[in-house]
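This one's a predicted model, so the numbers in the text were calculated from it and none came from an experiment. Convention: sequence-line order gives letters A, B, ...; per-chain numbering from 1.
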Protein chains: 2
Amino acid sequence: MEMIGRIAGVSQVTVSRALSDPSKVSPATLRKIQDAIAATGFVPNALAGALASRRSRLVSTLVPSITNLTYSSMVKSFAQEMRAQGYQIMLSECGFDPAEEEAAVMTHLSRRPDAMLLVGTRHSANTRKMLLAAGIPVVEVWDITDTPIDLCFGFSHPEAGKAAARFAAGAGYARAACVGASDERALRRKEAFRAEFRALTGTEVPEARFESEASLGIGRAGLARLLDTEGFEKGVVFCSSDLVAHGVLLEAASRGLAIPGDIAVIGFGDQGFAPDTFPPLTSMRVDRGALGASAARAIFDRLDRGHSAPIVTDIGFEIIRRESA
Amino acid sequence: MEMIGRIAGVSQVTVSRALSDPSKVSPATLRKIQDAIAATGFVPNALAGALASRRSRLVSTLVPSITNLTYSSMVKSFAQEMRAQGYQIMLSECGFDPAEEEAAVMTHLSRRPDAMLLVGTRHSANTRKMLLAAGIPVVEVWDITDTPIDLCFGFSHPEAGKAAARFAAGAGYARAACVGASDERALRRKEAFRAEFRALTGTEVPEARFESEASLGIGRAGLARLLDTEGFEKGVVFCSSDLVAHGVLLEAASRGLAIPGDIAVIGFGDQGFAPDTFPPLTSMRVDRGALGASAARAIFDRLDRGHSAPIVTDIGFEIIRRESA
DNA sequence: TTGTATGCGTTATCAG
DNA sequence: CTGATAACGCATACAA
């Protein structure tokens, strides 16, 4: 900036002002400064700016997996909203393990983000401590809890599982099974589903569970296992995600089974592709776009008005019935 | 650090050294410093560190879309490699528009990344200028060019299209069509496919092209359009991505068409799910994992040994024949 | 509207 | 092995 100032015939401070608030500089000098910037290709050092102003305009975003559409689609809307307000997001993948998350949180905090977005509500004690000490707005999304760190937007996973079970029983399915990856939130949905379905129909609910991430492959292998070794012959399959559900659909098709006559399928997440599977997938919708946008707005509010008490917002879910169940 | 130093009975500088290179500090003082850090929950300010050392340990990564598995799976391996060496990536989505990319590049450069990864080789003149002026290693991936900015790892899209056409003609398909999104690289593959297939068989290649991002929906709508309004009845469909190809598969299934008897399908990218579609998808494999890792290693090399001449590396592609074609 | 002085929290350089 | 000192490039408070 000192260079630019020299060229434009003003001081470094004036250059700084021209960049941060052009209205505080006379039109004439503003022009000269802009010309000098264009001529030199000057790019302001945001690192120095952040250090001096104690505001980085950076918002950390930690998700379990960047290749998982569930999270990336939420990040997309969140990032868009943030960018519109001049904030940039720092995205990192931190797996489903709290210890890994803790390391990521520390790394991110060292960059002095203005706020942080986390997925889920189960964090290590140290993670909570660091976050609280950082004194920045923190948003936990995609789950709810009685003990939020700060802001929280999500829904009850056990309630979602129960709702799916009631839907399944109400639709007349006498038997049910579950297929899924073993991420902690999916497990809670699944257990609630099994308990509720058993309570409603009196029948046990077999399951096929995998350690790997959600994929079509899990869905196919899952239905195969249910059919071949778990004695499941006919009924509805509640899946941990739409991707897994799609795999179940494909495995059923490859075996010539009727959907939903022989095998009915319920997904989770209502991804964009759910209406385009064959047959169209019945799923549970969570408004990810609104979630990302709400989280962003809540952060702006905190940033403007300062800290206040923790707030938990239940955004709910909705069963979208299509042809698969 | 001054605080920590006071508690540990040493100067601020010693604390800095204890953190950056513990071996330069005596075991006794190191312990005292570590204890003080643990007691206070001190998190070093990486912003200040970067400003002073002129190294941010940040690598910018710009991709067209974070929800597109093609890119996110590459970023995953790249980020992993980077993190292993103590670098963190700053990921941003910049669409398929060079102007949007330019804005993102500027924003990122203001954060003073140590290197930058870009997808594609078509950038605005100003983007090139800024990147060159930044004096950092730049890697362009997923395409090759005669005029790289710095490092480049990718493959020839026209060659990929031609190879697909030769495969299709060689497999005996008399008719072909294309379905896809209209990202610039996919368009070049498609045009090369059409030209080559026409040259080999003498038949025209109809196409269904969409402006929206790749999805199952475009694949379904694409085949529907080819069948219903383009007079395409039977043959092989070359798709812009595996996701679109899967959509074509589903549309064919929903119409009771035989695959590959009536409609054969070739995808692109050989995503993890390609073997799990029904029937398994024939696709073109590009080694994304190796690409990400190579890009990372090339950056480390530049960072260590300093700048040298631009290097373009063609990583090629491979047709993976499964049952869909 | 513009300039001066000062500090943000580190690392680098040099000296002890 | 440790410490003093000077940057790093900008924003803020205050003065003119």
Side-chain angles (χ1 to χ4, degrees), chain A residues 1-34 36-37 40-58 86 106-114 133-136, chain B residues 1-34 36-37 40-58 86 88 106-114 133-136 303:
Chain A
M1 283 188 177
E2 197 152 345
M3 270 286 301
I4 301 295
R6 242 196 293 281
I7 297 174
V10 295
S11 76
Q12 174 260 319
V13 200
T14 307
V15 178
S16 171
R17 267 195 285 260
L19 254 30
S20 59
D21 185 0
S23 75
K24 302 184 78 177
V25 168
S26 82
T29 62
L30 182 57
R31 250 209 88 78
K32 280 191 285 189
I33 290 173
Q34 286 171 336
I37 289 176
T40 56
F42 168 73
V43 178
N45 186 329
L47 252 37
L51 183 62
S53 68
R54 301 160 150 284
R55 291 197 330 171
S56 62
R57 294 205 158 279
L58 233 36
M106 173 123 72
T107 307
H108 275 253
L109 285 182
S110 75
R111 309 272 180 197
R112 296 298 186 267
D114 288 342
I136 56 175
Chain B
M1 284 187 174
E2 197 152 344
M3 269 286 301
I4 302 297
R6 240 195 295 281
I7 297 175
V10 295
S11 76
Q12 174 263 319
V13 197
T14 306
V15 178
S16 171
R17 266 195 285 260
L19 254 31
S20 59
D21 186 0
S23 74
K24 302 183 80 177
V25 168
S26 81
T29 62
L30 181 58
R31 250 208 88 77
K32 282 191 284 190
I33 291 174
Q34 286 170 337
I37 289 177
T40 56
F42 167 73
V43 178
N45 187 329
L47 253 36
L51 182 62
S53 67
R54 303 158 151 285
R55 291 197 331 172
S56 61
R57 294 207 158 277
L58 232 36
Q88 196 181 346
M106 175 123 71
T107 305
H108 276 253
L109 285 182
S110 76
R111 308 272 179 195
R112 297 297 187 266
D114 288 341
I136 57 175
L303 252 21

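Rounded to an integer number of Å, the gap from B:Ile4 CD1 to D:dG3 P is 15 Å. Rounded to whole Å, atom P of D:dA11 lies 8 Å from atom CG of A:Leu19. As rounded to whole Å, 15 Å separates atom C1' of C:dT2 from atom CE of A:Met1. As a whole-Å value, the separation of B:Gln12 CD from C:dG7 C1' is 14 Å. Between the C1' atom of C:dT10 and the CG atom of A:Leu51 lies a distance of 8 Å, rounded to the nearest Å. In this entry the distance linking CZ of B:Arg111 with C1' of D:dG9 reads 15 Å, nearest Å. One interatomic measurement links the two molecules: CG of A:Asn45 to P of D:dC8, which rounds to 12 Å at whole-angstrom precision. Whole-Å rounding puts the A:Lys32 NZ to C:dT2 C1' distance at 12 Å.
Across all non-hydrogen atoms, the minimal contact from A:Val25 to A:Ala18 is CG2-N, 3.8 Å. Taking each heavy atom of A:Leu109 and B:Val43 in turn, the nearest pair found is C-CG1, 4.1 Å.
Nearer the 5' end of DNA chain D, as judged by each residue's closest nucleotide, is the contact made by B:Pro27, out of B:Arg54 and B:Pro27. Along DNA chain D, the nucleotide closest to B:Val25 and the one closest to B:Ala48 are compared, and the more 5′ of them pairs with B:Val25.
Phosphate contact (OP1/OP2 of C:dG3, side-chain N/O of A:Thr14, threshold under 4.0 Å): present.
Under 3.5 Å, the side chain of B:Arg112 and the base of D:dG9 form no donor-acceptor pair of N or O atoms.
Which of D:dT12, D:dC1, C:dG7 sits closest to the side chain of A:Val13 comes down to D:dT12. For B:Thr29, the side-chain atoms get nearest to D:dT2 when compared with the rest of D:dT12, D:dT2, D:dG9. Between D:dG3, C:dT10, C:dC8, one nucleotide has an atom nearer to the side chain of B:Ser11 than all others, and that is D:dG3.
B:Ser20 comes within 4.0 angstrom of nothing in the nucleic acid, heavy atoms only. Residue B:Glu2 is classed as having no contact, given no heavy-atom separation below 4.0 Å to the nucleic acid. Residue-level contact check: A:Arg17 touches the bases, meaning some heavy atom is under 4.0 Å from a base atom.
A donor-acceptor pair under 3.5 Å links the side-chain atoms of A:Ser56 to the main chain of A:Arg112, judged by distance alone. Listed for the A:Arg54 side chain is no donor-acceptor partner under 3.5 Å among the backbone atoms of A:Leu51.
One distance of note links CG of B:Leu303 with CZ of B:Arg57; it measures 8.5 Å at 0.5 Å rounding.
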